[in-house]
Amino acid sequence: MYEPRVRTRSMERFVCSQEPPNRSESLLGDSARRLKISKAALEQIEKPYTFIYQRLPVEVEGEVINISSGIVLHNRARGPYKGGIRIAPDVNIWETNELARLMTLKTALADLELGGGKAGIRVNFEKIYGLFKDKFKLGFHPFCDMLKDHIMKEFVDHFVERGLVRIYIPAPDMGSSGREMMLFYNRTHDPAVVTAKPEGIEGWLPGRHEATGFGTAYAILKYLEQIGKDPSDITVAVQGFGNVGSHAAYYLNEFGCKIQAVADLYGGVHHKEGIDVVELMEYAREHRTVKGYDAKRTIDNKRLFRMPVDVLIPAASGHVIDKNNCDNLGVRLLVAEAANMPVSFEAFLRLREKGIELLPDNYVNSGGVIASDLEYKQGVGGVRFSREEVFEHLRRRFDIMFESMLEVKKRAGSFTQAACDIALKRIYQAMKTRSLI
Ligand code: NAD
């Protein structure tokens, strides 16, 4: 009889052993020791339930290009797999895996009846445009929109064919937006298939578009209140001015903080007296970058990180603060992780030593998934939430999360470790209750 040399369990171990060392596993190991969760149980919580690798062939100007994509279904002990779709040139399966694991922790910290998943699509738009710019006359941005539409339609087809509707519920992440989410609705006509649907589409949620940025600003406000600081005395630098960074800057400005610097992938701007955020948002909407907003006072990402400000908000890609640059940061008080995983584990330890507070991603940017949870409930239950109700709900959830983190921080040591302890305990209990461990 044929006896496979690698049995399924060993196969899972072999694949997962390829994962590079990462922050979420370091934090989970640390939390498991405090919570006395066994190694075997922790392994079941850390490792993903399923990996899906998906090739997406798309036709552009008569030629076929194969795009790589992956979906990681991490954990659904507490509810359906939930997490965004990242479209970027540097996407890789381990990044997608860690982002999916982070979603499991984030939904548990916010006490939502959802699990964690993520999708990643690796596309270098600039490189592909370079191959077709002689044939495609409309310019770079129309080319990107056209290519993204083709890629997403292919992705949605596979998503439906694999039976993932209502099993994995996507949302936007870096590089995707409501426009891409709409394609899931176009294909299925199911309002619960996806969240962050554009305004007017069955089941859309007022306030979802701004929810992550609003939550980021509110999470920072809670911290400032707790340490007795007046927001009008606080200066801020923001990396990334997309959905999250721009709305976080807008609401922090509304709360009284001064936004002194903003940078994105292409360039940046700094105004000591405070940037006019509304004007910058209008500029960025039109030009798809902040570059060129003020040619006299420009700043790049390196200098932005060195600026002496009270609060630094990384709101772009991951791993931007690590052991190489964490000693050169100009920030005095707080790093608030609006992006997912912007600070490495070593940098987290170093910031703690230096007395710079870190508010973790699974707390700071959870406004998006908290609002998505309401949108999903609308989709499956026919209820409706107003914009005021959504914002009130976000404030309430952030108040509860912050209070519970403050309490657990006394034992765990930091907000980051406290957030991980709270989430891990809930996931462990759900898996126990459902006889999954
Ligand atoms: P987005 O695509 O709308 O905007 C990304 C911004 O970051 C753009 O301004 C882009 O120019 C900039 N950027 C990208 N790479 C950069 C780099 N290497 N250096 C400097 N700037 C860079 O994305 P988004 O939705 O605002 O997401 C930003 C971050 O927030 C991501 O880490 C994402 O995972 C996280 N997040 C997003 C949501 C959401 O609801 N959109 C929810 C939770 C977490």
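Start at 1 with the first residue, then count along the sequence. Start at 1 and go down the list; that is how both ligands and their atoms are numbered.
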Requested in this report: Taking all heavy atoms of A418 and all of K409, pick out the closest pair and write down the distance.
Outcome: CB-N, 3.6 Å
Report task. Just let me know how P342 lines up against ligand 1, side chain, backbone, both or neither, with a heavy-atom cut-off below 4.0 Å. Result -> neither
Query raised in the report: Are E375 and F385 side-chain neighbours, meaning at least one heavy-atom pair lies under 4.5 Å?
Result: no
Query raised in the report: Taking only heavy atoms of L265, which atoms of ligand 1 are found under 4.0 Å from at least one of them?
Result: 11 (O), 12 (C), 13 (N), 15 (N), 16 (C), 17 (C), 18 (N), 20 (C), 21 (N), 22 (C)
**Report entry** Proximity of T212 to ligand 1 by residue part, where a heavy atom lies under 4.0 Å
**Finding:** side chain
Report task. Please report the closest heavy-atom contact between D294 and T298, naming both atoms and the distance. Result -> O-CG2, 3.6 Å
**Report entry** Under 4.0 Å to a heavy atom of A338 - the qualifying atoms of ligand 1, by number
**Finding:** 30 (O), 35 (C)
**Report entry** Near-ring test F140/F143, centroid separation under 6.0 angstrom
**Finding:** no
Query raised in the report: Just distances here: any N/O of K106 and N/O of ligand 1 closer than 3.5 Å?
Result: no
Requested in this report: Name the closest protein heavy atom to atom 34 (O) of ligand 1, giving the residue it belongs to and the distance to 0.1 Å.
Outcome: D173 OD1, 2.6 Å
Report summary line: Here the atoms of ligand 1 under 4.0 Å from any heavy atom belonging to R208 are 40 (O)
**Report entry** Partner of I299 by side chain to side chain contact (heavy atoms under 4.5 Å, CB included), out of R303, R297, K302
**Finding:** R303
Report task. Note the single closest protein heavy atom to atom 5 (C) of ligand 1, along with its residue, its atom name and the distance in Å. Result -> M174 CG, 3.8 Å
Query raised in the report: Are side-chain heavy atoms of P360 and F348 found at a separation under 4.5 Å?
Result: no
Query - Top protein contact for atom 41 (N) of ligand 1, by heavy-atom distance - result: V244 CG2, 3.8 Å
Report task. Nearest heavy atom to atom 36 (N) of ligand 1 wins, so pick from T289, D90, N340. Result -> N340
Query raised in the report: Between D111 and R78, is the closest basic N to carboxylate O distance under 4.0 Å?
Result: yes
Requested in this report: Output yes when the distance from some N or O of ligand 1 to some N or O of F241 is under 3.5 Å, and no in every other case.
Outcome: yes
Report task. For the residue pair R166 and V380, establish whether any side-chain heavy-atom pair is separated by less than 4.5 Å. Result -> yes
Query raised in the report: Any N/O of S176 closer than 3.5 Å to an N/O of ligand 1?
Result: no
Report task. Looking only at distances, please establish whether an N/O atom of ligand 1 is found under 3.5 Å from an N/O atom of N243. Result -> yes
**Report entry** Any donor-acceptor N or O pair under 3.5 Å, side chains S372, R208
**Finding:** yes
**Report entry** Residue selection (non-hydrogen contact nearest atom 8 (C) of ligand 1) among A171, G268, G242, S246
**Finding:** G242
Requested in this report: Using a strict 4.0 Å cut-off to heavy atoms of G175, name the atoms of ligand 1 that fall inside it.
Outcome: 2 (O)
Report summary line: Restricting to heavy atoms, the pick from V320, N301, N365, L304 nearest atom 20 (C) of ligand 1 would be N301
Requested in this report: Would you check whether E210 reaches within less than 4.0 Å of ligand 1, judged by its heavy atoms?
Outcome: no
Report task. Could you pull out, from A315, S317, A316, G318, the option with a heavy atom nearest to atom 32 (O) of ligand 1? Result -> A316
**Report entry** G368-ligand 1 polar pair, N/O distance under 3.5 Å
**Finding:** no
Report task. Tell me whether the centres of the aromatic rings in Y363 and F415 are closer together than 6.0 Å. Result -> no
Query - Result of checking I167, I52, V165 against F159 for side chain to side chain contact (heavy atoms under 4.5 Å, CB included) - result: V165
Report task. Look at atom 19 (N) of ligand 1 and say which protein heavy atom is nearest, naming residue and atom and giving the distance to 0.1 Å. Result -> Q239 NE2, 3.6 Å
Report task. Tell me, please: is R86 in heavy-atom contact with ligand 1, that is, under 4.0 Å? Result -> yes
Requested in this report: Quick one: do Q378 and K197 satisfy side chain to side chain contact (heavy atoms under 4.5 Å, CB included)? Show the steps, please.
Outcome: CA-CA 12 Å; Q378 282 191 165; K197 295 177 290 291; over 6 Å; no
Query raised in the report: Does one side chain, of E279 or Y293, offer a donor that lies under 3.5 Å from an acceptor on the other?
Result: yes
